[in-house]
Asks: 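Here it is: the structure, laid out below.
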There are 2 protein chains.
Amino acid sequence: MTRDGEGGEGRRSTLRELKRGALELVVLQLLAPGEAYGYEIVSAVTARSRGALEITDGTLYPLLYRLEKAGFVATRWETPERGAPRKYYRLTPAGREELAMLGREWAAFSKAMGRLLRDQEGR
Amino acid sequence: MTRDGEGGEGRRSTLRELKRGALELVVLQLLAPGEAYGYEIVSAVTARSRGALEITDGTLYPLLYRLEKAGFVATRWETPERGAPRKYYRLTPAGREELAMLGREWAAFSKAMGRLLRDQEGR
DNA sequence: CGAGATACCTTGTCACGCAAGGTATATTTC
DNA sequence: GAAATATACCTTGCGTGACAAGGTATCTCG
């Protein structure tokens, strides 16, 4: 996966802002089954969200750094038999708590949004 | 509703970032049944989202201004019999289109998130 | 006339996604 | 064995937007 670019001059991609806050939750969820390295996470985010969420490595690495600084993930370097060295990330216990909490918050939030969008009542 | 403050020194309020992107959609939805004025919208957002989304007027007014500049809402001043003058906002046809589009995007996004969070598969 | 309530608006700060660059290592090709 | 390519990680600069904090204008009440 190379530099993509997307063509975008000044276009606002509507819910772009919304997707921001979801990213931390998504990354933690992706790490739940086991460890993964940076580039792997970048493509997993797009794949597992079926395109609803697309990120670049320039977005991910600062986030991973914040997560590590917050104690939610721990890292490990590994040099595979072929290819460049990889930095593997895995959840810490605090990271699993954070994941659970964000999951609950997401559920509450999306439920509230669904209700609000469904109701036709005039305030 | 006065200045609230929330106590927050450096605290990260978790899904705060996520709620950003939802706000435009929520405000447009609140205006769907008819016009409303600023302060009314501020309290309606909290009430209709049942606390899942809380904003201050300092957040809303810049957003309303952006929506107006984008042609999604139109305004009208009214001086009520009692109290300070109010600026009423209503959806334009373009605003209704935007609302419909954001609603579809929200549905797709929340569906993708739900699926991602539900799946336990190891990438 | 003050004090308070209602309502609107602006300024400054901070967070963060993202494009665009860069570095390091390993592999392939000539 | 040097250049080219691929893989992977990291950093810088910019723009956007939520929010706190402050401000202004109008009206009501004592």
Side-chain angles (χ1 to χ4, degrees), chain A residues 1-24 26-27 36-43 45-46 53-70 75-89, chain B residues 1-27 36-46 53-70 75-89:
Chain A
M1 196 171 289
T2 35
R3 199 87 50 214
D4 64 300
E6 207 237 307
E9 349 74 55
R11 292 292 304 116
R12 347 178 324 100
S13 79
T14 45
L15 288 193
R16 187 175 65 84
E17 299 306 321
L18 186 150
K19 295 167 184 176
R20 288 188 178 189
L23 190 53
E24 178 178 333
V26 167
V27 168
Y37 63 94
Y39 252 57
E40 194 179 7
I41 298 174
V42 170
S43 44
V45 166
T46 299
L53 210 51
E54 290 185 65
I55 59 169
T56 65
D57 58 336
T59 296
L60 183 66
Y61 286 115
L63 170 60
L64 286 174
Y65 179 70
R66 289 196 300 276
L67 291 176
E68 185 176 8
K69 212 175 55 173
T75 65
R76 168 178 80 84
W77 279 99
E78 180 174 311
T79 304
E81 289 180 23
R82 352 183 87 236
R86 295 168 171 176
K87 194 172 179 182
Y88 279 86
Y89 295 83
Chain B
M1 196 172 292
T2 34
R3 201 87 48 212
D4 65 301
E6 208 233 309
E9 348 73 56
R11 290 291 302 117
R12 348 179 326 100
S13 79
T14 44
L15 289 192
R16 187 175 66 84
E17 300 306 320
L18 186 151
K19 296 167 184 176
R20 288 188 180 189
L23 190 53
E24 178 179 332
L25 169 55
V26 167
V27 169
Y37 63 93
Y39 251 57
E40 194 180 7
I41 298 175
V42 169
S43 44
V45 166
T46 299
L53 210 51
E54 290 185 64
I55 61 168
T56 64
D57 57 338
T59 296
L60 182 65
Y61 287 114
L63 170 61
L64 286 173
Y65 179 71
R66 289 196 300 276
L67 291 176
E68 185 177 8
K69 211 175 56 173
T75 65
R76 168 178 80 83
W77 278 99
E78 179 174 311
T79 303
E81 291 180 20
R82 351 181 88 235
R86 295 168 171 175
K87 193 171 178 182
Y88 279 87
Y89 295 83

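A, B, ... follow the sequence lines: proteins, then strands. Residue 1 opens every chain. Computed from a predicted structure; not experimentally measured.
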Asks: What's the CD-P distance between E24(A) and dC16(C), to the nearest Å?
Replies: 8 Å

Asks: How do P62(B) and A84(A) order along DNA chain D: which one's closest nucleotide is nearer the 5' end?
Replies: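 Nearest nucleotide further toward 5': that of A84(A).
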
Asks: Kindly determine whether W77(B) and K87(B) satisfy side chain to side chain contact (heavy atoms under 4.5 Å, CB included), including the steps that lead there.
Replies: CA-CA 4 Å; W77(B) 278 99; K87(B) 193 171 178 182; 3.7 Å; yes

Asks: When all nucleic acid strands are considered with a 4.0 Å heavy-atom cut-off, which category describes Y88(B): base, sugar-phosphate, or nothing?
Replies: nothing

Asks: Could you check Y37(B) against G83(A) and say which one's nearest nucleotide on DNA chain C is further toward the 5' end?
Replies: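 Result of the comparison: Y37(B).
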
Asks: What's the closest nucleotide to the R66(B) side chain, out of dG17(C), dG17(D), dC9(C)?
Replies: dG17(D)

Asks: Rounded to whole Å, please give me the gap between CD1 in I55(A) and C1' in dC9(D).
Replies: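 Answer to the nearest Å: 14 Å.
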
Asks: Looking at the side chain of P85(A), which of dT25(C), dT11(D), dC8(C) is the nearest nucleotide?
Replies: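 Closest nucleotide to the P85(A) side chain: dT25(C).
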
Asks: Determine the contact category for Y65(A): base if any of its heavy atoms lies under 4.0 Å from a base atom, sugar-phosphate if only primed atoms, P, OP1 or OP2 are that close, otherwise nothing.
Replies: nothing

Asks: Write down the distance between CG (L64(B)) and P (dA7(C)), rounded to a whole number of angstrom.
Replies: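 Taking CG of L64(B) and P of dA7(C), I get 15 Å after rounding.
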
Asks: From the list dA18(D), dC18(C), dC10(D), which nucleotide is the closest neighbour of the side chain of W77(A)?
Replies: dC10(D)

Asks: Whole angstroms only, please: what is the CD-P distance between E40(B) and dA7(C)?
Replies: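 Between P of dA7(C) and CD of E40(B): 9 Å.
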
Asks: Quickly work out the E54(A) CD to dA19(C) C1' distance and round it to whole Å.
Replies: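 For the pair E54(A) CD and dA19(C) C1', the rounded distance is 15 Å.
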
Asks: Start with the C-alpha distance between V27(B) and L23(B), add both sets of side-chain angles, then the distance that settles side chain to side chain contact (heavy atoms under 4.5 Å, CB included), and finish with yes or no.
Replies: CA-CA 6 Å; V27(B) 169; L23(B) 190 53; 4.2 Å; yes

Asks: Send over the distance from L60(A) CG to dA8(D) C1', rounded to a whole Å.
Replies: 12 Å

Asks: Could you measure the distance from the CG atom of L64(A) to the OG1 atom of T75(A)? Nearest 0.5 Å is fine.
Replies: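 Between atom CG of L64(A) and atom OG1 of T75(A) there are 10.0 Å.
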
Asks: For Y39(A) and dC9(D), is the shortest distance between a side-chain N/O and OP1 or OP2 below 4.0 Å?
Replies: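 It does not, given that no N or O in the side chain of Y39(A) lies less than 4.0 Å from OP1 or OP2 of dC9(D).
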
Asks: Taking the minimum atom-to-atom distance to the side chain of T79(B), which one of dG17(C), dC9(D), dC27(D) wins?
Replies: dC27(D)

Asks: Check every atom of dA19(C), dC19(D), dC10(D) against the side chain of T56(A) and return the nucleotide holding the closest atom.
Replies: dA19(C)

Asks: If every non-hydrogen atom of G58(A) is compared with every non-hydrogen atom of P62(A), which pair is closest and at what distance?
Replies: O-CD, 3.2 Å

Asks: Rounded to whole angstroms, how far apart are CZ on R76(B) and P on dC8(C)?
Replies: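 In whole Å, dC8(C) P and R76(B) CZ are 12 Å from each other.
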
Asks: Restricting to non-hydrogen atoms, name the atom on I41(A) and the atom on A36(A) that form the minimum distance, rounded to 0.1 Å.
Replies: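 In terms of heavy atoms, the two residues are closest at CG1-CB, 3.9 Å.
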
Asks: Measuring from the side chain of K87(B) (C-beta onward, heavy atoms only), which nucleotide among dC9(D), dC8(C), dC19(D) has the closest atom?
Replies: dC8(C)

Asks: Out of dC9(D), dG17(C), dA7(C), which has the shortest distance to the side chain of R86(B)?
Replies: dA7(C)

Asks: Side chain of Y61(B): nearest nucleotide among dA8(D), dC8(C), dC19(D)?
Replies: dC8(C)

Asks: Please assess V42(B) against T46(B) for the test side chain to side chain contact (heavy atoms under 4.5 Å, CB included), listing each intermediate value before the final yes or no.
Replies: CA-CA 7 Å; V42(B) 169; T46(B) 299; 5.8 Å; no

Asks: Checking all strands, does G38(B) fall into the base, sugar-phosphate, or nothing category for heavy-atom contacts under 4.0 angstrom?
Replies: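 Answer is sugar-phosphate: G38(B) comes under 4.0 Å of backbone atoms only.
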
Asks: Could you state the CD1-C1' distance from I41(A) to dA8(D), rounded to the nearest angstrom?
Replies: 13 Å

